[in-house]
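Throughout, a chain's letter reflects where its sequence line sits, starting with A, and its residues are numbered from 1. Just the heavy atoms: all of them, side chains too, but no hydrogens, waters or symmetry mates, feed the values below.
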Amino acid sequence: MSDFETDYRHAKPGQSGPGVTDYLDLDTKDETFLDATELVLNMGPQHPSTHGVLRVILKLDGEKVLGTECIIGYLHRGVEKIGEHRTYAMFNPYVDRMDYVASVSNGLGYCEAVEKLLSVEAPPRAQYLRVILTELCRISSHQVWLGTHALDIGALTPLFYCFRDREEILKIFEKYCGARLTTHAFRIGGCLYEAYDGFEQDCKKFCDAFLPKLDEYEELLTTNRIWVRRTKGVGILNPEDCIALGVTGPVLRASGVKWDLRKAQPYESYKDFDFEIPTGLNGDTYDRYLVRIEEMRQSVRIIRQAVDGLPTGPIIAKVPKVIKPPVGEVYHSIEAPKGELGYFIVSDGSTQPYRMRVRPPSFVNLQALDKMVRGLLVADVVAVIGTLDIVLGEVDR
Amino acid sequence: MSLKPLLRKMFLVDLIKGLKVTFNYQAPSEAITEQYPLERPVIFERFRGQPRLSVNPDTGESLCIVCNLCALACPEQLIVVKGERNPVTRRKEPVAWTYDLSRCMFCGLCAEACSTDALELTQDYEMALYSREGMVLDQAALERGQEPTRYEK
């Protein structure tokens with residue numbers, strides 16, 4: 001029998017071999033799963049509400065979810081391996097393609113990790129520019145999250161509002177570094193581009209215009225009865241589970257844990273700025289929504305302070321043309337819009353890293369899905385995937 | 001039924017009120033959609049688009065000195081430059097240039113590395129083709145730049 005025939009996807013009825021249920025490793029494993037009420041359902045990878053190519057196998061009792069199994073890897077491009085075959089400067093554009101809705105943050109984390117390996121620090125002006133751009137990026141990432149999450153739950157208008165307002169941020173990115181999405185904005189040692197004429201005014205204009213628009217989003221959702229009924233008490237994650245699963249970012253903060261790397265281990269110039277860390281109480285989908293909305297407000301506060309205090313001076317530190325870090329290893333993490341984004345780089349003293357490892361927030365946060373959806377309905381699975389704010393480019397890398 | 005609600009219903013007051021909101025959002029100042037092929041988007045100065053190889057406008061000779069820095073800087077290794085020394089001017093001149101646009105991700109590292117500013121990424125953005133032939137640009141195509149596209153029915 002050829003391999004093709006033994007492949008489970010082509011298994012004939014009655015033939016033994018791994019089937020779709022063998023992916024399931026559930027506490028309530030049932031030998032005769034296909035009884036009157038229980039059903040195994042495949043969701044994705046082409047499901048529009050899975051935000052990419054996530055495949056979830058659901059075990060259902062009627063409409064109730066008994067357990068899930070996530071199958072990932074449909075968007076695997078081997079980014080870490082690519083990093084081991086490129087020089088340090090060459091790998092910089094590739095990191096933008098992991099979390100493609102927050103590419104500036106990815107670039108910041110990578111550049112900082114290499115800078116730490118080289119024991120170089122970016123000049124103050126570069127640090128402030130980086131803070132402004134990453135906070136703008138945080139807002140734009142949260143806007144994409146809000147628009148698509150609300151669309152999943154059934155509110156169509158926020159999507160158009162969010163994408164309309166996100167355009168202003170993307171214009172700032174395009175004016176600053178020449179690209180809207182895969183920006184390649186920062187270089188190892190600082191920034192390549194000086195702020196363009198009118199950069200400060202553009203940022204301030206955006207901040208002034210954005211706050212009323214944020215109130216407009218809230219007007220549509222926060223007290224909306226349908227929204228509240230669909231999100232309150234859905235996908236509850238308590239702080240102990242969050243810490244045990246390694247969940248970070250707004251999902252962790254919505255459970256009441258005040259952990260933000262910008263405050264806990266300030267990188268760049270975040271210690272210069274005055275901002276709050278919003279936290280939730282119940283750790284449900286509604287709290288995560290409120291935390292992210294408040295985070296956007298805090299980002300506007302940081303941008304305003306950074307634009308006002310933008311120092312003058314050089315924008316890039318002295319970094320050799322051919323980057324050859326000393327032998328050693330480094331782990332550096334930043335607070336990306338979705339959580340802790342870490343880079344682990346091992347250098348063997350050559351121009352290419354010996355090992356490159358990325359700790360993506362989406363990948364780790366996705367592990368909480370099973371815990372959150374057990375006992376809920378199928379429609380809530382969509383809401384929970386939306387609230388985790390995963391990007392499959394980052395999950396699979 | 002009293003007279004006031006009846007009149008409200010008869011003259012469709014609520015409907016007009018509702019439609020007023022709708023039409024307010026259709027004011028020209030609220031319209032944000034770009035009518036793309038007819039209306040050209042604003043492209044900013046630092047945009048990274050179609051690559052171009054510059055020539056000296058006076059003499060017509062290429063600014064490229066075949067230093068190979070762009071080919072070394074490219075993460076996708078899609079640039080191949082071959083050159084030979086001109087026996088008359090003692091200057092290195094490119095003889096074969098290829099730039100594989102189908103693999104390019106427009107990171108701009110080649111233009112950054114260029115020592116004579118010969119290679120640059122321009123503001124031209126309409127690079128779609130119907131087939132893969134023509135995606136690999138040679139020196140003449142890089143110097144000529146993008147042909148203007150006209151949309152006709």
Side-chain angles (χ1 to χ4, degrees), chain A residues 77 79 82-97 100 103 107 110 157 160-168 170-188 191-199 202 209 213 216 316 321-323 351-352, chain B residues 18 21-22 24-36 39-52 67-79 100-117 119-127:
Chain A
R77 293 154 295 173
V79 168
I82 289 173
E84 290 159 23
H85 288 273
R86 301 282 187 279
T87 64
Y88 288 91
M90 274 185 194
F91 184 55
N92 202 353
Y94 286 93
V95 296
D96 291 344
R97 281 141 178 95
Y100 39 77
S103 52
Y110 175 68
T157 318
F160 296 117
Y161 281 16
C162 288
F163 275 74
R164 175 194 67 190
D165 303 336
R166 178 169 167 262
E167 201 67 14
E168 297 306 314
L170 297 186
K171 266 185 193 153
I172 293 177
F173 285 166
E174 191 183 342
K175 279 187 193 173
Y176 176 75
C177 57
R180 289 152 55 89
L181 215 60
T182 47
T183 48
H184 196 202
F186 307 134
R187 298 297 187 275
I188 294 154
C191 305
L192 175 73
Y193 304 106
E194 183 53 83
Y196 62 88
D197 290 338
F199 176 71
D202 272 2
K213 283 171 176 169
E216 206 179 0
I316 191 153
K321 263 237 147 92
V322 179
I323 295 166
T351 55
Q352 295 173 349
Chain B
V21 175
T22 309
N24 273 343
Y25 274 93
Q26 293 183 1
S29 60
E30 293 280 340
I32 51 158
T33 311
E34 261 175 19
Q35 303 297 331
Y36 163 58
E39 188 189 330
R40 311 306 290 182
V42 182
I43 301 296
F44 300 110
E45 200 190 326
R46 290 174 182 171
F47 183 81
R48 303 190 293 260
Q50 166 109 3
R52 188 176 62 199
C67 62
N68 225 19
L69 282 176
C70 50
L72 289 172
C74 180
E76 284 292 330
Q77 285 142 24
L78 52 84
I79 302 174
D100 191 348
L101 206 56
S102 59
R103 276 158 58 206
C104 182
M105 59 176 167
F106 305 99
C107 62
L109 283 173
C110 52
E112 268 171 51
C114 186
S115 52
T116 56
D117 286 342
L119 185 66
E120 58 178 333
L121 298 180
T122 61
Q123 275 95 326
D124 296 331
Y125 53 90
E126 286 169 329
M127 285 166 279

Requested in this report: Search all heavy atoms of A/M90 against all heavy atoms of B/L72 and return the closest pair with its distance.
Outcome: CE-O, 2.8 Å
Report task. May I ask you to decide if A/C177's main-chain N or O and B/R48's side chain share a donor-acceptor pair within less than 3.5 Å? Result -> yes
Report task. Start with the C-alpha gap between A/K171 and B/V42, add the side-chain angles, then the distance that decides, and say whether side chain to side chain contact (heavy atoms under 4.5 Å, CB included) holds. Result -> CA-CA 10 Å; A/K171 266 185 193 153; B/V42 182; over 6 Å; no
Query raised in the report: Between atom CZ of B/R46 and atom CZ of A/F173, what is the distance when rounded to the nearest 0.5 Å?
Result: 14.0 Å
Query raised in the report: Non-hydrogen atoms of chain A under 4.5 Å away: do they reach the side chain of B/L69, the backbone, both or neither?
Result: neither
Query raised in the report: Does any heavy atom of chain A fall under 4.5 Å from the side chain of B/A113, the backbone, both, or neither of them?
Result: neither
Requested in this report: State whether B/E112 and A/R187 are salt-bridged, where the test is any N-O pair (Lys NZ or Arg NE/NH1/NH2 against Asp/Glu carboxylate O) under 4.0 Å.
Outcome: yes
Requested in this report: Indicate yes or no: at least one non-hydrogen side-chain atom of B/M105 is less than 4.5 angstrom from one of A/P93.
Outcome: yes
Query raised in the report: Can you tell me how far CZ of A/F163 sits from CD1 of B/I32, rounded to the nearest 0.5 angstrom?
Result: 11.5 Å
Query raised in the report: Should we count CG of B/N24 as having more than 12 external heavy atoms under 6.0 Å?
Result: yes
Query - Part of A/L192 lying under 4.5 Å from any heavy atom of chain B - result: side chain
Query raised in the report: Looking at CZ of A/R86 and SG of B/C74, how far apart are the two atoms once the value is rounded to the nearest 0.5 Å?
Result: 8.5 Å
**Report entry** From CZ (B/F44) to OH (A/Y196), nearest 0.5 Å
**Finding:** 7.5 Å
Query raised in the report: Out of A/Y193, A/Y94, A/Y176, which one racks up the most heavy-atom pairs below 4.5 Å with chain B?
Result: A/Y94
Query raised in the report: So, do A/F91 and B/P75 sit near enough that their side-chain heavy atoms are less than 4.5 Å apart?
Result: no
Query raised in the report: What option among A/H85, A/R164, A/R97 has the most heavy-atom pairs under 4.5 Å with chain B?
Result: A/R97
Report summary line: The interface call for A/T87 against chain B, heavy-atom contacts under 4.5 Å, is neither
Query - Atom pair CD (A/E174) and CD1 (B/I43), whose distance is rounded to the nearest 0.5 Å - result: 5.5 Å
Query raised in the report: Side chains of B/E45 and A/K175: does their closest heavy-atom pair fall under 4.5 Å?
Result: no
